Amino acid sequence: QVQLVDAGGGLVQPGGSLRLSCAASGNIFSLYAMAWYRQAPGKQRELVAVISKGGSPNYADSVKGRFTISRDNAKNTVYLQMNSLRPEDTAVYSCNPWGSTYWGQGTQVTVSS
């Protein structure tokens, strides 16, 4: 009985920034590591970043140094701060409690001039 709401996407120019959020319900947020995935049209879903229950982050090589994942357990929310955005970052971004089958609706990120 977990619900996830992804938000914060939009259209941004190359080099710009966006901050995504994923709000979870169900009183189980603190029990999971949380992950951000992305999927571009015609491509497979790929893992972008993961943050442990204790707040330790890991990143895909393609976003390392540009993206920052964080979580606020008191707000049941995980964030993805995206800086220095590139056109190849364009995708639908979705959060996922690690090891679960739960997904939010996703939020579209488009990086274009």
Side-chain angles (χ1 to χ4, degrees):
Q1 282 65 46
V2 62
Q3 294 175 285
L4 305 167
V5 179
D6 304 306
L11 176 63
V12 65
Q13 295 185 167
S17 298
L18 285 172
R19 190 188 191 215
L20 308 184
S21 64
C22 171
S25 65
N27 296 318
I28 49 82
F29 182 83
S30 63
L31 301 178
Y32 289 87
M34 296 293 295
W36 282 100
Y37 287 80
R38 67 187 182 187
Q39 187 170 26
K43 300 178 66 176
Q44 295 184 18
R45 178 176 288 154
E46 65 175 338
L47 180 65
V48 176
V50 181
I51 186 166
S52 74
K53 292 181 290 185
S56 298
N58 287 281
Y59 302 94
D61 288 342
S62 59
V63 308
K64 197 169 298 181
R66 300 188 298 120
F67 291 10
T68 302
I69 188 171
S70 61
R71 67 190 296 160
D72 187 337
N73 289 347
K75 296 182 178 179
N76 292 344
T77 302
V78 61
Y79 304 93
L80 187 67
Q81 178 67 46
M82 306 186 295
N83 299 325
S84 302
L85 283 163
R86 306 165 180 169
E88 52 263 42
D89 295 319
T90 297
V92 174
Y93 286 72
S94 304
C95 74
N96 170 248
W98 188 260
S100 81
T101 59
Y102 297 105
W103 297 88
Q105 81 287 353
T107 185
Q108 176 71 50
V109 172
T110 302
V111 185
S112 177
S113 298

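Just so it is clear, the model here is predicted, and its values are computed rather than measured.
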Review item, side-chain donor-acceptor pairs of residues 15-23, under 3.5 Å, at least two apart:
{"from": "S17", "atom 1": "OG", "to": "N83", "atom 2": "OD1", "distance (Å)": "2.9"}

May I have the list of side-chain donor-acceptor pairs in residues 49-59 shorter than 3.5 Å, sequence neighbours left out?
{"from": "S52", "atom 1": "OG", "to": "G54", "atom 2": "N", "distance (Å)": "3.3"}
{"from": "S52", "atom 1": "OG", "to": "G55", "atom 2": "N", "distance (Å)": "3.2"}
{"from": "S52", "atom 1": "OG", "to": "S56", "atom 2": "N", "distance (Å)": "2.9"}
{"from": "Y59", "atom 1": "OH", "to": "I69", "atom 2": "N", "distance (Å)": "3.0"}

Going by the side-chain hydrogen bond (donor to acceptor under 3.5 Å, both in side chains) test, which pairs reach into residues 67-77, not counting sequence neighbours?
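Applying side-chain hydrogen bond (donor to acceptor under 3.5 Å, both in side chains) to every pair that reaches into residues 67-77, excluding sequence neighbours, yields R71-N73.
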Among pairs that include at least one residue of residues 29-61, which meet disulfide bond (SG atoms under 2.5 Å apart), considering only residues two or more places apart or in two chains?
none
Here the disulfide bond (SG atoms under 2.5 Å apart) pairs for residues 46-77, sequence neighbours left out, are none
Exercise answer: donor-acceptor pairs, residues 6-13 side-chain atoms, under 3.5 Å, sequence neighbours excluded:
{"from": "D6", "atom 1": "OD1", "to": "C95", "atom 2": "N", "distance (Å)": "3.3"}
{"from": "D6", "atom 1": "OD2", "to": "G106", "atom 2": "N", "distance (Å)": "2.9"}

In chain order, what residues pass the side-chain hydrogen bond (donor to acceptor under 3.5 Å, both in side chains) check against D89, with sequence neighbours excluded?
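Scan of D89 (side-chain hydrogen bond (donor to acceptor under 3.5 Å, both in side chains), adjacent residues dropped) gives R38, R66.
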Using modelled atom types and a 3.5 Å cut-off, is there a donor and acceptor pairing between side-chain atoms of N96 and backbone atoms of T101?
no
In Å and rounded to the nearest 0.5 Å, what is the OG to CG distance from S62 to L47?
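S62 atom OG to L47 atom CG measures 9.5 Å (nearest 0.5 Å).
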I need the L80 CG to M34 CE distance, nearest 0.5 Å.
11.5 Å
Strictly by ring-ring contact (aromatic ring centres under 6.0 Å, His included), give each pair with a member in residues 71-101 just once, sequence neighbours left out.
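For residues 71-101: none.
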Give the cluster check for V78 versus V92: same hydrophobic cluster or not, with ILVMFWY residues linked at side-chain heavy-atom distances below 4.5 Å.
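No, V78 and V92 fall in different hydrophobic clusters.
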Does CD in Q3 sit with more than 12 non-hydrogen atoms of other residues, nucleotides or ligands closer than 6.0 Å?
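For Q3, atom CD is not crowded (no more than 12 foreign heavy atoms under 6.0 Å).
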Any salt bridge (charged side-chain N to carboxylate O under 4.0 Å, His left out) involving residues 20-32? Give me the pairs, sequence neighbours left out, ordered by first then second residue.
none
If the condition is salt bridge (charged side-chain N to carboxylate O under 4.0 Å, His left out), which residues does K64 pass it with, not counting sequence neighbours?
D61
Can you list the residues that meet the ring pair (Phe, Tyr, Trp, His ring centres under 6.0 Å) rule with W103, with sequence neighbours excluded?
Y37
